[in-house]
Amino acid sequence: MIRKTILLLSVVLSAFTLEAQVNTDRVLTVGRNALYFEDYVLSIQYFNQVIRSKPWLAEPYFYRAVAKLNLDDFQGAEEDCSLCIARNPFYTQAYYARGIARQSMEKYDEAISDYKRGLELRPNDRPMMANMAIACLQNKNYDEAEIAFGELISAYPKLSLGYLTRGVMYLEKGDTARAMADLNKAVEIDPYYAPCYGNRAILLYQTGHLNEALADLNEAIRLNTRESGYYINRGLVRYEMNDLRGAMADYDQVIAIDSHNLIARFNRGLLRFQVGDNNRAIEDFDVVIMHEPDNYMAYYNRALINMEIGEFASAVLDFNIVLEQYPNFIPGYFSRAEAKRKLNDAAGSEKDYWTALNLEEKNNRNETSDKTGQGRSEEEEKTRQKSDKNIDKFNRLVVYDKEEEQKRKYSSEIRGRVQDRNIRIDLEPSFVLTYYEKGDRFGEKVYYDKSIESFNARKILAWQLLVTNQEAALTEEQIAAHFASINDYSAKIEREPNNADYYFGRALDFMLVQDFTEAIRNFDRTIELNSSYTQAYFNRAVVCYKQMEYNRSQSASSYEDLNSMSIQFGKNQPAASQPPGKDTRNIRDEHGHEQIIMDYNIVIQQNPEFIYSYYNRGNMRCIQRDFRAAIIDYNEAILRDPEFAEAYFNRGLARLSMGDVNRGIADLSKAGELGILNAYSIIKRMTVN
């Protein structure tokens, strides 16, 4: 399939230009478009073309490495960064990216070496300093890590990440006093960053300060309602405080966010069993066993519940599985003996009973030892780590393994937006007409418009159009399909050069393969042939803004800004740290902001009920910092759809930007009610103190 994709891409790229130099620059630009808008598989295909044409260039290897990092191909990313550095040993970002790849593969010494070299080229680079300190910590080199964290904190004393991660280091070393001091400092510096509270809560819990731990977890959850780990930890704290129903509510929330979270499933099953909700407890253990068929604790708990509800035959089947794996598990034999007795299997029951007694007697005489683990204190027996397979702990709540939890945390820090974490307040994205959308959105809503339904009914295009603001990256199969579609439309246009539908279809294909210049050219031609082609005006406006946004990212003067686009993972649009818009200076584009606004004006004139044009135009007004006009547009969208969550959210940000705090918070509250959970974090920031 990859070979087929490359072949089709070669055909399409031949239309760009005949001159090799311009062609290479053109393909590289389109590849960077795809990378910027998180279409990683597609971007790799473009960079492959540049590398084949000019293998001596360093840049395409670097950008291909970035794409591979996003796809978790760390070995491939490492190799590409090395190829980039071989061609240009002063390419600082390549050392940073290779360090991330090596750190992700646990090659900590090599990652640290890359960060050191990068810091020689760019001293006091904050992301590299932070990553190097974390790599030293992951490498268990605490002395070097402490030095690295000290240098980071000295250079950036207002960076909460430095104190936060050093606090974790002290916690690993068992120095709870210094860990608490650093975590307190992290909270003081950045009281709106949820991990500050989440990490401090772990320390408070471990030192027995349950009320304080609960308060910190409540705060962490208010600031980040989508982090399942906070709910799992709060459930554990509530369980320790004998608030079983509160703990169960937390596990309910985790499962609502991620139905396959097996820690939450197992723990909720235990709690349901404890409160007598037996049938639903079995449902939870069924899910755990389906996904983890070697989870013998789940089998044993399910067997005990089946005993409670009189399903003795099912209980025996589960006991059999457990005892085959743990032949010295005494409670298992006693329990199976009772189940067999209920089934009138007297001989089997007696055999299990005497087997259990003999094992007990041997243990009492110290003639054998229980290989499943002994000697834990009562305090330690309250929970077990996920990797702990001691069957004696079958009724303990599960927590993340310490190493797994640290790995998740460090991975988040290494690969997250280090430079602007927790200060981004972004508008909800604009809508676009396309064929694909992300299918894993929380509280997923289907966006509908009658005019799009009518358009699809004409069967003009090979795929059904939909309206979304959650665009999905293309798969390899989809990439190949749309390159083939471009060729198909080109052949049709040769036969019928005045068919507007063909140009519109080809424009959509170019848009999907992130070739904005060709997409705009085809939308232009569509409109020339049919001035009432509403969908072409709408998408031309969207693509023009994407082109401008990408161009603006390329004009960033600082290394950190460039990293935000190319190395860091995840990209929101279109606002920045001062809500809700970015500065629009130095933007030069043939259409410009006003041309985009004009396109939306035409869409509204032709179809006044198309609410997404008001919403998108409102976003453009925010970007221009014309918040009054933006609010008017959001008003129009909400008037036509009173449950338009994104419009409430963005109107709230616009009102906050104008100082209208009360109505801004009211809008955010409504947006949160309708499913945009980030609204609650912003409300919290606005109402503290």
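Given the structure is predicted, the values throughout are model-derived calculations rather than measurements. Counting begins at 1 with the first residue of the sequence.
Nearest heavy atom pair, residue Ile44 against residue Ala67, reads CG1-CB, 3.6 Å. In plain terms, the two heavy atoms of Thr225 and Ile257 that are nearest each other are O-CD1, 3.7 Å. Residues Ala645 and Ala671 share a closest heavy-atom pair of O-CB, 3.7 Å. Smallest separation of non-hydrogen atoms from Ile112 and Cys136: CD1-SG, 3.7 Å. The two residues Cys196 and Asp190 have their closest heavy-atom pair at SG-O, 4.0 Å. For Gly99 against Ala111, the heavy-atom pair with the smallest separation is O-CB, 3.5 Å.
Remark: the backbone N or O of Met180 is paired with a side-chain donor or acceptor of Asn184 at under 3.5 angstrom. Judged by distance alone, the side chain of Tyr231 and the main-chain N or O of Ala247 form no donor-acceptor pair under 3.5 Å. One N or O on the side chain of Asn301 and one on the backbone of Met297 form a donor-acceptor pair closer than 3.5 Å. Checked by atom type and distance alone, the side chain of Asp277 never pairs as donor or acceptor with a backbone atom of Phe273 at under 3.5 Å. A donor-acceptor distance shorter than 3.5 angstrom exists from the side chain of Arg272 to the backbone of Arg280, with no hydrogens or angles considered. No donor-acceptor pair under 3.5 Å is formed between the side chain of Thr165 and the backbone N or O of Gly162. Within the 3.5 Å criterion, the main-chain N or O of Asp258 finds no donor-acceptor partner in the side chain of His260. Judged by distance alone, with hydrogens and angles left aside, the side-chain atoms of Arg226 form no donor-acceptor pair with the main-chain N or O of Ile221 at under 3.5 Å. Checked by atom type and distance alone, the side chain of Ser104 pairs as donor or acceptor with a backbone atom of Ile100 at under 3.5 Å. The backbone N or O of Ala337 lies less than 3.5 Å from a partner atom in the side chain of Ser349, making a donor-acceptor pair.
Between the side chains of Glu240 and Tyr205, at least one donor N or O sits under 3.5 Å from an acceptor N or O. Side-chain polar atoms of Gln138 and Glu106 form no donor-acceptor pair below 3.5 angstrom. Side-chain contact of Tyr333 with Asp352: a donor-acceptor pair under 3.5 Å is absent, judged by distance alone. If you check the side chains of Gln103 and Tyr115, you find a donor sitting under 3.5 Å from an acceptor. Between the side chains of Arg234 and Asn218, at least one donor N or O sits under 3.5 Å from an acceptor N or O. Counted by atom type alone, Tyr170 and Arg178 present one or more donor-acceptor pairs between their side chains at under 3.5 Å.
For the side-chain contact (heavy atoms from CB on, under 4.5 Å) test, residues two or more places apart in sequence or in another chain that qualify with Pro331 are Tyr300, Phe329. Residues passing the side-chain contact (heavy atoms from CB on, under 4.5 Å) test with Ala298, sequence neighbours excluded: Phe266, Phe285, Val288, Ile289, Asn295. Considering only residues two or more places apart in sequence or on other chains, Glu360 meets the side-chain contact (heavy atoms from CB on, under 4.5 Å) condition with Ile330, Phe334, Leu357. Every residue meeting the side-chain contact (heavy atoms from CB on, under 4.5 Å) condition with Asp39, not counting sequence neighbours, appears here in chain and number order: Ala34, Leu42, Ala473, Leu474, Gln514.
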Please lay out, stage by stage, how Val316 and Asp345 fare under the test side-chain contact (heavy atoms from CB on, under 4.5 Å).
CA-CA 11 Å; Val316 168; Asp345 179 6; over 6 Å; no
List the steps and the verdict of side-chain contact (heavy atoms from CB on, under 4.5 Å) for Met248 and Leu244.
CA-CA 6 Å; Met248 199 179 308; Leu244 297 187; 5.6 Å; no
Give the C-alpha distance, both sets of side-chain angles, the deciding distance and a yes or no for salt bridge (charged side-chain N to carboxylate O under 4.0 Å, His left out) between Arg265 and Glu283.
CA-CA 9 Å; Arg265 285 279 186 186; Glu283 290 175 5; over 6 Å; no
Please lay out, stage by stage, how Asn267 and Ile263 fare under the test side-chain contact (heavy atoms from CB on, under 4.5 Å).
CA-CA 6 Å; Asn267 289 354; Ile263 289 180; 3.9 Å; yes
Hey, mind stepping through Val187 and Tyr197 against side-chain contact (heavy atoms from CB on, under 4.5 Å) and telling me if it holds?
CA-CA 7 Å; Val187 170; Tyr197 297 97; 3.7 Å; yes
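Side-chain atoms of Gln325 and Ile321, non-hydrogen and from C-beta on, never get closer than 4.5 Å to each other. Contact annotation: the side chain of Asp250 never approaches that of Val254 to less than 4.5 Å [non-hydrogen atoms, C-beta and beyond]. Side-chain contact between Asn320 and Arg336 is present, with heavy atoms from C-beta onward closer than 4.5 Å. By the 4.5 Å heavy-atom criterion applied to side chains, Leu512 and Tyr436 are counted as neighbours. Counting only heavy atoms from C-beta outward, the side chains of Tyr239 and Gln274 approach each other to under 4.5 Å. When side chains are defined from C-beta on, Met241 counts as touching Asn211, because their heavy atoms get closer than 4.5 Å. For the pair Asn261/Tyr251, no side-chain contact is recorded, criterion being any heavy-atom separation below 4.5 Å from C-beta on. Asp182 places none of its side-chain heavy atoms less than 4.5 Å from the side chain of Leu164.
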Less than 3.5 Å apart, which donor and acceptor atoms pair up between the side chains of residues 304-314 and the rest of the protein, not counting sequence neighbours?
{"residue": "Asn306", "atom": "ND2", "partner": "Arg302", "partner atom": "O", "Å": "3.3"}

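Among residue pairs with one or both ends in residues 196-206, those qualifying as salt bridge (charged side-chain N to carboxylate O under 4.0 Å, His left out) are Arg200-Asp216; sequence neighbours excluded.
Atom-to-atom distance recorded for Glu219:CD and Asn224:CG is 12.0 Å, nearest 0.5 angstrom. Interatomic distance, Asn70 CG to Ser43 OG, rounded to the nearest 0.5 Å: 8.0 Å. Here the straight-line distance linking atom CD of Glu338 with atom CZ of Phe319 works out to 9.5 Å at 0.5 Å rounding. Rounding to the nearest 0.5 angstrom, the gap separating the CG atom in Asp80 from the CZ atom in Arg64 is 4.0 Å. Between atom CG of residue Leu270 and atom CZ of residue Arg268 there is a gap of 12.0 Å, rounded to the nearest 0.5 Å. Here Phe149 contributes atom CZ and Met169 contributes atom CE; the two are 6.5 Å apart, rounded to the nearest 0.5 Å.
Using bins of under 30°, 30° to 60° and over 60° for the plane-to-plane angle, the ring pair Trp463/Tyr435 lands in the tilted bin.
Heavy-atom contacts from other residues, nucleotides or ligands closer than 6.0 Å to CD of Glu292 number more than 12.
Partner of Glu78 under the salt bridge (charged side-chain N to carboxylate O under 4.0 Å, His left out) criterion, out of Arg98, Lys68, Lys107: Lys107 alone.
Under a 4.0 Å N-O distance rule, the pair Lys140/Glu172 qualifies as a salt bridge.
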